Amino acid sequence: MDRPTDIDEYYEGEEFGASVGLGERPALVVIDLINAFTDPETELGSEVDGVIEQTERLLTTFREHELPRYFTTVAFEESYGDAGRFIEKVPALRELRLGTEAVEVDDRIAPVDDERVILKKYASAFFGTDLETELTTHRVDTLVIVGVTTSGCIRATAVDSLQHGYRTIVPADAVGDRADGPHRANLLDIDAKYGDVVETDDVIDHLDQDNDT
């Protein structure tokens with residue numbers, strides 16, 4: 001069978017990319033907006049000021065509506081014994097030492113009150129963490145996923161979100177990557193198969209409208 005060669009043509013129609021929408025109880029998951037990733041001068045960092053700005057807007061809205069918010073960080077012990085093969089593949093991860101400023105959430109979007117920072121060792125916010133327990137406890141049915149990087153931890157978390165049964169929303173202007181190509185390719189793939197790729201304004205407008213009804 002002949003296949004279309006153009007990406008947009010391949011995904012045209014109703015067989016890919018249907019919208020799942022936001023459910024009744026969304027949670028915001030802020031992925032790895034820690035100093036090591038938000039400082040362009042580090043081995044792992046890049047310029048993500050726009051991502052920080054949009055994430056701050058979403059945090060404000062989720063806080064106003066008293067909806068669940070979670071942050072993640074990645075950090076390893078001094079021995080790196082908890083880093084497995086990941087650190088062999090990405091030696092730059094040695095920057096991410098437990099107890100250092102590198103693995104703290106960027107002050108511009110620092111957690112407040114009882115907002116948790118979930119420690120993970122790998123890409124997905126679900127793998128080896130208690131995130132699923134938190135989401136179940138708070139009756140969450142939708143994850144709005146923001147942060148970095150689109151091709152790594154955002155994608156991995158979006159795939160696992162779908163696989164755990166959650167509606168999955170990724171605001172394109174609130175996620176970022178070190179290069180534009182992987183960023184765009186993974187947004188296209190997430191939107192086609194795993195969740196809805198939208199804009200921050202779409203999420204905020206939806207939540208504000210729900211609150212007004």
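Computed from a predicted model, the values in this text were never measured in an experiment. Positions are given from 1 along the sequence.
For the pair R63 and E115, the salt-bridge criterion is met [side-chain N within less than 4.0 Å of a carboxylate O]. Under the 4.0 Å criterion applied to side-chain N and carboxylate O atoms, D141 and R25 are not assigned as salt-bridge partners. Salt bridge absent: D196 and R167 never bring a charged side-chain N and a carboxylate O closer than 4.0 Å. The pair R184-D177 does not count as a salt bridge, with every side-chain nitrogen at least 4.0 angstrom from each carboxylate oxygen. Between E134 and R116, at least one side-chain nitrogen of the basic residue sits less than 4.0 Å from a carboxylate oxygen of the acidic one, meeting the salt-bridge criterion.
When atom types are taken as modelled, the side chain of T168 and the backbone of Y166 share a donor-acceptor pair closer than 3.5 angstrom. In terms of modelled atom types and a separation under 3.5 Å, the side chain of T137 and the main chain of T133 share a donor-acceptor contact. Judged purely by atom type and a 3.5 angstrom limit, T142 has no side-chain atom pairing as donor or acceptor with the backbone of L22. In this structure a side-chain-to-backbone donor-acceptor pair under 3.5 Å is missing from S151 to N186. With T157 contributing its side chain and I154 its backbone, the two residues share no donor-acceptor pair below 3.5 Å.
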Report the C-alpha distance between V175 and V148 in whole Å, list the side-chain angles of each, state the deciding distance to 0.1 Å, and finish with yes or no for side-chain contact (heavy atoms from CB on, under 4.5 Å). CA-CA 6 Å; V175 295; V148 294; over 6 Å; no

So S124 and D160, side-chain hydrogen bond (donor to acceptor under 3.5 Å, both in side chains) or not? Walk me through it. CA-CA 7 Å; S124 172; D160 273 358; 2.6 Å; yes

Determine, stepwise, if the pair D106 / T38 fulfils side-chain hydrogen bond (donor to acceptor under 3.5 Å, both in side chains). CA-CA 7 Å; D106 191 300; T38 63; 2.8 Å; yes

side-chain contact (heavy atoms from CB on, under 4.5 Å) between I109 and L59: does it pass, once the steps are laid out? CA-CA 8 Å; I109 52 156; L59 278 166; 3.8 Å; yes

Audit row: I87, R94, side-chain contact (heavy atoms from CB on, under 4.5 Å) steps and yes/no: CA-CA 7 Å; I87 206 160; R94 292 184 178 276; 3.5 Å; yes

Go through the steps to decide whether V144 and F62 satisfy the test side-chain contact (heavy atoms from CB on, under 4.5 Å), and finish with yes or no. CA-CA 10 Å; V144 178; F62 272 76; 3.9 Å; yes

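Rounding to the nearest 0.5 Å places CZ of F16 at 9.5 Å from CG of D189. One finds the NE2 atom of H206 at 8.5 Å from the CD1 atom of I169 (value rounded to the nearest 0.5 Å). Here D107 contributes atom CG and N35 contributes atom CG; the two are 6.5 Å apart, rounded to the nearest 0.5 Å. Atom NZ of K121 sits about 9.5 Å away from atom OG1 of T73, to the nearest 0.5 Å. Note: L131 CG to T136 OG1 = 9.0 Å, rounded to the nearest 0.5 Å. The CD1 atom of I118 sits 7.5 Å away from the OG1 atom of T72 when rounded to the nearest 0.5 Å.
Residues V51 and L58 fall within the same hydrophobic cluster, defined by Ile, Leu, Val, Met, Phe, Trp and Tyr side chains chained together at heavy-atom separations under 4.5 Å.
Through direct or relayed side-chain contacts under 4.5 Å between Ile, Leu, Val, Met, Phe, Trp and Tyr, V112 connects to no other residue.
The side-chain heavy atoms of L96 and I34, taken from C-beta on, include a pair separated by under 4.5 Å. For the pair V146/L28, a side-chain contact is recorded, criterion being any heavy-atom separation below 4.5 Å from C-beta on. Put simply, the side chain of L143 reaches to within 4.5 Å of the side chain of L135, judged on heavy atoms. Side-chain contact between Q163 and Y194 is absent, with no heavy-atom pair separated by less than 4.5 Å. Put simply, the side chain of T150 does not reach to within 4.5 Å of the side chain of P182, judged on heavy atoms. Side-chain atoms of L67 and P26, non-hydrogen and from C-beta on, do get closer than 4.5 Å to each other. Put simply, the side chain of R57 reaches to within 4.5 Å of the side chain of I204, judged on heavy atoms. With contacts defined as side-chain heavy-atom distances shorter than 4.5 Å, the pair E95/F76 does not qualify.
If you check the side chains of T200 and D173, you find a donor sitting under 3.5 Å from an acceptor. Side-chain contact check for E88 and Y80: no donor-acceptor pair (N or O, by modelled atom type) lies under 3.5 Å.
Here the closest heavy-atom approach between residue R155 and residue I190 is recorded as CA-CD1, 4.0 Å. Across all their heavy atoms, A75 and V103 have their closest contact at CB-CG1, 3.8 Å. Considering all non-hydrogen atoms of both residues, E56 and R108 come closest at OE2-O, 3.9 Å.
Residues in residues 84-122 take part in these ring pair (Phe, Tyr, Trp, His ring centres under 6.0 Å) pairs, two or more places apart or across chains: F86-Y122, Y122-F127.
Atom CD of E43 has 12 or fewer neighbouring heavy atoms from other residues, nucleotides or ligands inside a 6.0 Å radius.
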